[in-house]
Amino acid sequence: SAPAQKGRQSNRSKQQKAVQEALKAAEAGSDTLGLSKEGCKKHELYVSFKELGWQDWIIAPEGYAAYYCEGECAFPLNSDMNATNHAIVQTLVHFINPETVPQPCCAPTQLNGISVLYFDDSSNVILKKYRNMVVRACGCH
Amino acid sequence: NFSVDNEVGSSFIHRRLRSQERREIQREILSILGLPHRPRPHAHAKHTAAPTFMLDLYNTVSTEAEPRAYSRYRAVLEGQASAAVSPQDSRFLDDADTVMSFVNLASGASGEDVRMILSDIHKPSAGSPDDVIVDGDRDLLVQPHTQAFWFDVSRIPEGEAITAAEFRIYKDFIQERDGNETFRVSVYQVLQEPPDSEAALLLLDQRDVWASDDGWLVFDLTATSTLWQLSPEQNLGLHLVLEDRNGHKRNPRRAGLLTGSGPKDKQPFLVVFFKVKAVRFRGAR
């Protein structure tokens, strides 16, 4: 919402000051924390049909690398975090009003399919393609 | 690119699961795979439906297929025919969401086998030896030198439409006195099987083969399989007839056709390609 005409100047300087403070807090935060929270990225996760004891009916594969997304979508988002424009704004607002606007989510931005070859009850053989089974890339939404 | 050690290190089960947890995980993953329960194939099914051909399709479609799966499975089916995936099959595969290969459920007795089996049961009815009609259950109602096949296409993925179907039968090389003997292989759809007369047949497809040919003979069964999917009661199976160049019916095995005997991976089979008609929503659990 646009600030009232007469108080515009003082408002603007107030906002800039808040952003400066936010930037300082961000730098300080990551230093004092010591462990800078990891940014949003893909992590290993392997679904093993073998460990589920399904090798008598699943011919191939033995399992598949599903991966998962985890990590912070914290201000300032750097370029390799696949952040949407909306997520960048939301991150900023979260900093200014952390209790009103949550941080964006770290979630898959690209998913791949897999194929599974298996026997049915009558020993017919089925090859089935499944979509959206494997995380290819993560990002901030 | 995904190395094996990662696979072990990052498995999703980091500790011994309690049986209840394991069952829950299995149920959840089965529901993602669209299966109501985990299949229980017959331990040593006599006829499994062309796994090598299907494994070739699998390796065609899944680029990150684990090479081990292929070699592991290939080892199991050592010495089998390499069921060639034709360019046409690859096109069907690109467009399909599911591919199923079906086991031939007819006992596979040919007319000749039937006659030998029945000759000590009762004398065939009067009439020329060639049109011996025998009673008995359906898959024995065949003419001599006629091979019956029956595939149960009633249990197919819900909400999926057939985009293509092929009947495949393997032909071995046979050494002929005169190497250039030719045969004609005809596949018929059985339309009716009246109890007291010959079956009514519809010619679906024909192939002329040389005695010296070997490999898979492929017959287009798209229209027939679609009919059987829509009206299962019309699924009375197929008849395969082999004729020599003089038009005389011969036992298919005479031309090297493997109609039911032979190695596991040279069994005749039906392969059907399906495409999803409607998006399947998984019920909330």
Side-chain angles (χ1 to χ4, degrees), chain A residues 38-71 80 82 106-139, chain B residues 2 6-13 17 22 25-26 29-30 32-35 37-43 45-51 53-55 57-59 61-62 64-66 68-70 72-73 93 96-103 105 151-153 155-157 269-271 274 276:
Chain A
E38 287 209 348
C40 168
K41 68 177 191 176
K42 187 169 93 166
H43 298 263
E44 304 284 7
L45 171 64
Y46 184 75
V47 177
S48 167
F49 296 140
K50 191 171 170 185
E51 287 183 20
L52 287 169
W54 284 351
Q55 280 210 301
D56 63 315
W57 63 277
I58 291 189
I59 301 170
E62 286 182 354
Y64 65 95
Y67 299 100
Y68 68 93
C69 297
E70 189 190 31
D80 67 354
N82 278 346
C106 172
T109 52
Q110 284 176 48
L111 288 158
N112 277 357
I114 64 166
S115 300
V116 179
L117 188 68
Y118 61 93
F119 285 111
D120 70 4
D121 288 316
S122 325
S123 296
N124 295 319
V125 179
I126 297 172
L127 168 60
K128 203 163 177 64
K129 297 177 186 173
Y130 294 96
R131 297 189 176 88
N132 303 332
M133 297 285 276
V134 175
V135 174
R136 187 183 173 116
C138 300
Chain B
F2 184 78
N6 276 355
E7 180 180 316
V8 177
S10 60
S11 175
F12 69 135
I13 298 181
L17 282 181
R22 185 184 171 95
I25 288 184
Q26 286 175 335
I29 294 182
L30 281 173
I32 289 173
L33 298 180
L35 296 169
H37 63 272
R38 55 148 287 163
R40 296 202 180 275
H42 318 312
K46 182 166 168 262
H47 297 302
T48 45
F53 171 78
M54 295 297 284
L55 203 63
L57 289 185
Y58 170 80
N59 287 294
V61 73
S62 59
E64 68 278 355
E66 299 159 50
R68 276 176 306 135
Y70 188 73
R72 175 171 60 83
Y73 202 80
L93 183 61
D97 294 306
T98 305
V99 185
M100 274 188 81
S101 63
F102 295 86
V103 191
L105 297 179
F151 302 97
D152 178 7
V153 295
R155 285 186 257 180
I156 61 173
F269 65 94
L270 172 70
V271 59
F274 299 89
V276 173

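Letters A, B, ... are given to chains in the order of the sequence lines, protein chains preceding strands, and every chain is numbered from 1.
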Q) Do you know which two heavy atoms are closest between A:Lys129 and B:Leu93, and how far apart they sit? A) NZ-O, 2.7 Å

Q. Got a second to check how far B:Asn59's CG is from A:Leu127's CG, nearest 0.5 Å?
A. 10.0 Å

(Q) Between A:Tyr68 and chain B, with a heavy-atom cut-off of 4.5 Å, which part of the residue counts as in contact: side chain, backbone, both or neither? (A) neither

**Q.** Nearest-0.5 Å distance, CE of residue A:Met133 to CD1 of residue B:Ile32
**A.** 5.5 Å

Q. Is there side-chain contact between A:Asp56 and B:Arg38, with at least one heavy-atom pair below 4.5 Å?
A. yes

Q: State, to 0.1 Å, how close A:Glu51 and B:Arg22 come at their nearest heavy-atom pair, and which atoms those are.
A: O-NH1, 3.0 Å

Q) Taking the side chain as C-beta and beyond, is there a heavy-atom pair between B:Leu33 and A:Tyr118 under 4.5 Å? A) no

Q.
Quick check on B:Leu30 against chain A: is it the side chain, the backbone, both or neither that has a heavy atom closer than 4.5 Å?
A. both

Q: Report yes if some heavy atom in the side chain of A:Val125 is under 4.5 Å from a heavy atom in the side chain of B:Tyr58; otherwise report no.
A: no

Q. To the nearest 0.5 Å, what is the distance between NZ (A:Lys128) and OG1 (B:Thr98)?
A. 3.0 Å

**Q.** A:Leu52 versus B:Gln26, closest heavy-atom pair with distance
**A.** O-NE2, 2.7 Å

Q: Please tell me if the side chains of B:Phe102 and A:Ser122 come closer than 4.5 Å, counting only heavy atoms from C-beta onward.
A: no

(Q) Tell me the closest heavy-atom pair linking A:Leu117 and B:Leu55, and the distance in Å. (A) CD2-CD1, 3.2 Å

Q: Ignoring hydrogens and angles, tell me if any N or O in the side chain of A:Asp121 forms a donor-acceptor pair with the backbone of B:Pro39 under 3.5 Å.
A: no

